[in-house]
Amino acid sequence: MNVLPSGRMRFIAVAVILCAGFFWPTAFAHPLGEWTKLILTQHWPQTFCSVEKCTTNLSFWTLHGLWPNSGMRCNTSWHFNASLIEDLIPEMKKYWPDLRAPSSPQFWKYEWTKHGTCAAKAESLNSQHKYFSKALELYHKFNLTNVLKNNRIMPSEQHYTLDEVETAITSFYNVKTKIQCVHPGKGGQVQILGQIEICVDRDFQLIDCEKSTEEIWSNDIPAVAVSGQSELSVCDHSMPVYYPPVPSRS
Ligand SMILES: *[C@@H]1O[C@H](CO)[C@@H](O)[C@H](O)[C@H]1NC(C)=O
Ligand SMILES: *[C@@H]1O[C@H](CO)[C@@H](O)[C@H](O)[C@H]1NC(C)=O
Ligand SMILES: *[C@@H]1O[C@H](CO)[C@@H](O)[C@H](O)[C@H]1NC(C)=O
Ligand SMILES: *[C@@H]1O[C@H](CO)[C@@H](O)[C@H](O)[C@H]1NC(C)=O
């Protein structure tokens with residue numbers, strides 16, 4: 001075997017590290033093919049349930065997922081294990097519920113297998129506990145329910161313009177987010193606010209959610225289980241936005 005002298009090895013190693021640092025502006029690909037961006041996705045329970053025919057009285061945005069921009073199902077033998085995140089479960093039940101089956105861990109298992117195992121390629125997220133607790137942390141930090149409310153965008157029968165919603169969100173986060181709506185069928189007059197994506201870099205700092213990721217991630221949920229999600233698409237400026245309130249109990 002032809003072994004390189006260790007001095008030369010060391011030189012190569014150092015050169016590789018230097019180049020990686022040098023040619024790696026955060027917007028570009030990671031040198032090891034890892035993700036460069038995480039998409040924190042939240043959905044509005046009333047809209048979700050109007051499509052999925054579930055019922056919910058939740059009046060805050062709930063977590064949908066934390067998705068890296070590269071990779072899916074990166075390690076299918078790394079099984080979800082709820083006992084590893086036992087301390088997080090009460091919070092997950094509240095803020096990350098499976099709206100179709102509120103007491104089931106199925107949704108977390110799905111998100112872990114599809115996205116978490118890829119996020120876990122970064123040391124900062126390389127365990128189930130790190131992944132789920134980071135998602136919850138970011139969710140609290142970027143409190144969307146609060147941001148909208150502080151800008152007087154409240155669930156109600158009143159309609160908003162997409163500009164109003166965008167301005168509220170952008171003025172707080174200062175980055176481009178992705179705002180998705182359920183569009184009406186033929187002849188419909190309003191679009192229903194459904195899902196909002198907020199993006200962070202590998203240091204969990206806010207960055208723009210670029211257009212290029214939109215197509216890739218717009219069909220996240222399993223086709224059968226959450227068929228209605230395919231009705232979500234980027235809200236458009238030509239139509240009023242409906243932010244549906246929690247129906248009053250009768
Ligand atoms: C929402 O529904 C749950 C379960 O049915 C109930 O325990 C809770 O009191 C309700 N909350 C509100 C605000 O109506
Ligand atoms: C996949 O996950 C399993 C279980 O955690 C682990 O033993 C294995 O090394 C992982 N495989 C890869 C390619 O990371
Ligand atoms: C889940 O994790 C716990 C705690 O580490 C461990 O004892 C248990 O064997 C794991 N369960 C499975 C099915 O891997
Ligand atoms: C968001 O902010 C509101 C109002 O300050 C608070 O009641 C709520 O608990 C916060 N939600 C999260 C997930 O931190």
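Order of appearance sets the numbers: ligands from 1, and atoms from 1 within every ligand.
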Proximal atoms of ligand 4 relative to Y139 (non-hydrogen, under 4.0 Å):
13 (C)
Heavy atom of the protein closest to atom 3 (C) of ligand 3 (residue, atom name, distance)
S83 OG, 3.4 Å
So CD of Q191 and CG of D236: to nearest 0.5 Å the spacing works out to 5.0 Å
Is the ring centre of F48 less than 6.0 Å from the ring centre of H64?
no
Which residue owns the protein heavy atom closest to atom 10 (C) of ligand 2, what's the atom, and how far is it?
N75 ND2, 2.5 Å
Is there a continuous path of hydrophobic side-chain contacts, each under 4.5 Å between heavy atoms, that joins V246 to F60?
no
Run the salt-bridge test on E123 and K130 with the 4.0 Å N-O cut-off and return the result as yes or no.
no
Closer than 4.0 Å to some heavy atom of L84 - which atoms of ligand 3 meet that?
2 (O), 4 (C), 5 (O)
Can you tell me the protein heavy atom closest to atom 9 (O) of ligand 4 and the distance?
Y95 OH, 4.2 Å
Write out the residue and atom name of the closest protein heavy atom to atom 5 (O) of ligand 4, then the distance separating them to 0.1 Å.
N146 ND2, 3.3 Å
To the nearest 0.1 Å, how far is atom 12 (C) of ligand 4 from its closest protein heavy atom, and which atom is that?
H140 ND1, 3.2 Å
Would you confirm whether the ring centroid of Y131 sits within less than 6.0 angstrom of the ring centroid of W112?
yes
How far does OG1 of T117 sit from CG of N126, to the nearest 0.5 angstrom?
12.5 Å
the protein heavy atom lying closest to atom 2 (O) of ligand 4 turns out to be N143 ND2, 2.3 Å
Shortest protein contact, atom 14 (O) of ligand 3 (heavy atom only):
N81 ND2, 3.6 Å
Hey, is atom 7 (O) of ligand 2 under 4.0 Å from any protein heavy atom?
no
Can a donor-acceptor pair be found between the side chains of D201 and T36 at a distance below 3.5 Å?
no
